[in-house]
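Structure first, commentary second.
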Amino acid sequence: MNAPQKMGPSEALVETLSAQGVTHVFGIVGSAFMDALDIFPAAGIRFVPVAHEQGAIHMADGYARASGRHGVCIAQNGPGVTNFVTGVAAAYWAHSPVVFITPETGSMTMGLGGFQETEQLPIFSKITKYQGHVNNPKRMAEIAARCFDRAMLEMGPAQLNIPRDFFYGEIEATIAQPLRIGLGAGDAAALDSAAQLLAGARSPVIVAGGGLIAAGATADAIALAELLGAAVCNSYLHNDSFPASHALAAGPLGYQGSKAAMKLIAQADVVLALGTRLGPFGTLPQHGLDYWPRAAKIIQVDADPRMLGLVKPISVGIHGDARAVAAALLERLKGRTLAGAANRTERLSRVAAEKAAWESELSAWTHERDPYSLEVAASSKYMHPREMLQALEQALPADSMVSTDIGNICSVANSYLRFDRPRSMFAAMSFGNCGYAFPVLCGAKVACPDRPAFAYVGDGAWGISFNEMLTCARERIGVTVVVFNNSQWGAEKKNHVDFYSRRYQGVNLENPSWAAVARAFGCEGVTVERLSDIAPALRTAARAQSDGKTTVLEMMVTQELGDPFRRDALNRPVRYLAKYQKYV
Ligand SMILES: Cc1ncc(C[n+]2csc(CCOP(=O)(O)OP(=O)(O)O)c2C)c(N)n1
Ligand SMILES: [Mg+2]
């Protein structure tokens with residue numbers, strides 16, 4: 001539809017959604033956008049009604065991360081829209097191309113303090129890549145299309161803000177075709193320098209980031225790693241950025257990551273950081289290893305030029321698409337003499353040896369060994385979290401998608417999640433909000449209904465997010481939620497143990513039976529107390545997914561706790577006033 005045509009603004013919006021390939025919109029119904037909602041079915045768009053708008057934006061995020069297409073959500077002006085805030089911030093840091101549509105109070109009453117009024121642009125200004133405001137109904141199609149284009153161009157949330165009276169009227173509109181701008185491989189001189197460094201490297205290592213997943217660069221990354229004989233580490237929480245079964249895959253860096261990856265990168269003389277901003281939290285010391293190779297030459301490749309050299313000093317920065325860059329580097333390195341060829345065999349066997357050592361350490365590491373953990377585990381009949389995570393990993397069906405929440409057990413799970421296919425792991429990324437994993441997985445499942453889907457969620461975070469079981473039951477979205485019931489906000493309790501002499505406040509949870517709650521919601525609920533019950537329970541739950549049935553597996557685990565998140569950011573308490581002297 002390229003010639004201007006008479007239509008209503010609602011039709012212009014819905015036609016634009018259609019032209020952008022939108023088939024699902026998550027949200028809660030509201031009078032503000034009913035005129036557009038009414039014609040969704042005729043445009044082949046399924047409206048997925050949710051329990052809370054935070055669920056809608058998380059679902060849009062999961063949908064986008066699983067499919068590589070836009071995730072879309074919509075809410076009532078005012079409170080519906082403000083409920084989006086946390087999810088938009090999470091999607092921003094997950095580099096997720098979501099378009100969230102925010103009908104606003106009517107243009108003729110804006111500023112008068114009427115019903116459901118708040119300024120909706122400033123709230124999101126720091127957590128969006130683009131904010132489109134329809135300032136005249138005639139511009140509905142143009143501005144809506146720009147939101148879709150920018151979300152994909154900049155890989156992040158775009159807001160489409162529409163005064164609610166602008167859904168009505170008669171306009172002449174042209175529906176734009178999607179504008180997809182390829183980024184290419186970037187500056188030729190930078191590529192030459194990078195190839196020069198890699199050719200001269202005696203111990204090159206690759207860090208595979210989320211940008212590699214977004215660019216669909218797996219095959220090129222494999223070819224590059226094989227040519228160089230370079231170990232490949234996943235950047236933090238992107239365990240699906242390189243196939244784990246590949247001989248050169250070393251596992252994830254960062255919190256609760258792989259010691260093999262850390263030991264290998266520590267010895268690198270050249271690091272190729274492919275599609276990663278090298279976020280500050282992702283390379284913190286771990287397992288007592290301060291592994292970042294400060295003396296190494298770092299080549300950083302990112303689709304956002306502002307990320308180059310931002311966190312770590314670099315030798316070469318390449319503003320480009322990870323796939324195009326990997327291909328360009330391959331081209332430049334082919335047939336060239338590689339300094340690393342001299343010790344290739346030795347390095348490959350070192351990769352294998354470090355991996356084997358880490359695997360055997362992990363298999364023997366069935367429980368935590370600090371005094372607090374030993375004490376609580378001794379008085380518990382439940383499973384150790386680590387052995388449970390091991391059994392879960394073994395039971396996961398091939399090609400599973402797994403989302404992980406923020407919490408101690410979810411973090412420890414990082415050691416027990418390996419993937420062979422990109423777009424398989426959906427961790428709460430740098431925004432780190434509890435309550436992320438379940439709704440995000442629901443969105444991923446809507447995008448990929450044939451892939452088995454599992455959310456790992458702590459019992460505290462489950463309290464924030466379990467309302468979306470309503471959505472699963474109503475909309476027949478079949479996923480499996482693995483709730484780790486340790487009756488505590490464990491990750492924070494760990495700080496009370498390590499820094500506040502076990503003065504517990506607000507960290508102990510008295511849970512209902514989460515399995516019974518699930519059943520009351522119309523889902524399945526199973527309590528698992530023994531390791532041997534994990535695989536059969538997981539298999540049954542996975543089968544139920546194909547019938548659109550969601551299952552909660554409530555895992556009864558001890559209260560033991562792994563290494564803390566933010567040891568880097570906490571200090572021992574120091575008190576100056578007499579009344580607080582005991583609080584040290
Ligand atoms: C929305 C939100 N509120 C609070 C926090 C702080 N926080 C981080 S981890 C955590 C505890 C998580 O507890 P749980 O989900 O039970 O998992 P566990 O640590 O016990 O494995 C909390 C409260 C957060 N990250 N996000
Ligand atoms: Mg807990």
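When a ligand or atom number is given, it counts from 1 through the structure's own listing order.
Of the N or O atoms in Trp462, none lie within a sub-3.5 Å distance of an N or O in ligand 1. Inclusion of Asn408 in the set of residues having an N or O under 3.5 Å from an N or O of ligand 1 is warranted.
Taking 2.8 Å as the threshold, Asn486 counts as a candidate ligand of the Mg ion (ligand 2), since one of its N, O or S atoms lies below it. Taking backbone and side chain together, Gln488 holds an N, O or S atom under 2.8 Å from the Mg ion (ligand 2).
A donor-acceptor pair shorter than 3.5 Å cannot be found between the side chains of Gln488 and Asn508. Asn234 and Ser241 form a side-chain donor-acceptor contact under 3.5 Å, judged by distance and modelled atom types alone. Glu387 and His367 are not linked by any side-chain donor-acceptor pair at a separation below 3.5 angstrom, with hydrogens and angles left out of the test. Judged by distance alone, the side chains of Gln256 and Ser411 never bring a donor and an acceptor atom under 3.5 Å apart.
Nearest non-hydrogen protein atom to atom 17 (O) of ligand 1 is Gly458 CA, 3.6 Å. The protein heavy-atom contact nearest to atom 15 (O) of ligand 1 is Ala461 N, 2.9 Å. For atom 14 (P) of ligand 1, the closest non-hydrogen atom on the protein side is Gly460 N, 3.6 Å. The nearest heavy-atom contact from the protein to atom 9 (S) of ligand 1 is Ala491 CB, 3.5 Å. Scanning the protein heavy atoms around atom 21 (O) of ligand 1, the nearest turns out to be Ile409 N, 3.0 Å. Nearest protein heavy-atom contact of atom 23 (C) of ligand 1 is Trp489 CE3, 3.3 Å. Nearest protein neighbour of atom 26 (N) of ligand 1, counting heavy atoms only, is Cys434 N, 3.0 Å.
Ion pairing between Asp302 and Arg277 fails under the 4.0 Å rule for side-chain N and carboxylate O. Between Arg386 and Glu361 there is no salt bridge, since no side-chain N of the basic residue sits under 4.0 Å from a carboxylate O of the acidic one.
Between His287 and Trp358, the distance from one ring center to the other falls under 6.0 angstrom. Checked against a 6.0 Å centroid threshold, the rings of Phe484 and Tyr456 count as neighbours. Aromatic ring centres of Trp514 and Phe466 lie closer together than 6.0 Å. With ring centers used as reference points, Phe84 lies 6.0 Å or more from Phe124.
Checking each of Glu53, Gln54, Gln76 against Asn83 for a side chain to side chain donor-acceptor pair (under 3.5 Å) leaves exactly one that passes, namely Glu53.
Contact between Gly432 and ligand 1 is present, with at least one heavy atom of the residue lying under 4.0 Å from the ligand.
Contact annotation: for Asn486 versus ligand 1, heavy atoms closer than 4.0 Å belong to the side chain alone.
Close contacts of ligand 1 with Glu492, meaning ligand atoms under 4.0 Å from a residue heavy atom, involve 6 (C), 7 (N), 8 (C), 10 (C), 22 (C), 23 (C). When each atom of ligand 1 is checked for a heavy atom of Asn433 under 4.0 Å away, the hits are 26 (N). Atoms of ligand 1 found under 4.0 Å from any heavy atom of Gly490 (numbered from 1 in listed order, with element): 13 (O), 18 (P), 19 (O), 20 (O).
Of all the N, O or S atoms in Asp459, the one closest to the Mg ion (ligand 2) is OD1.
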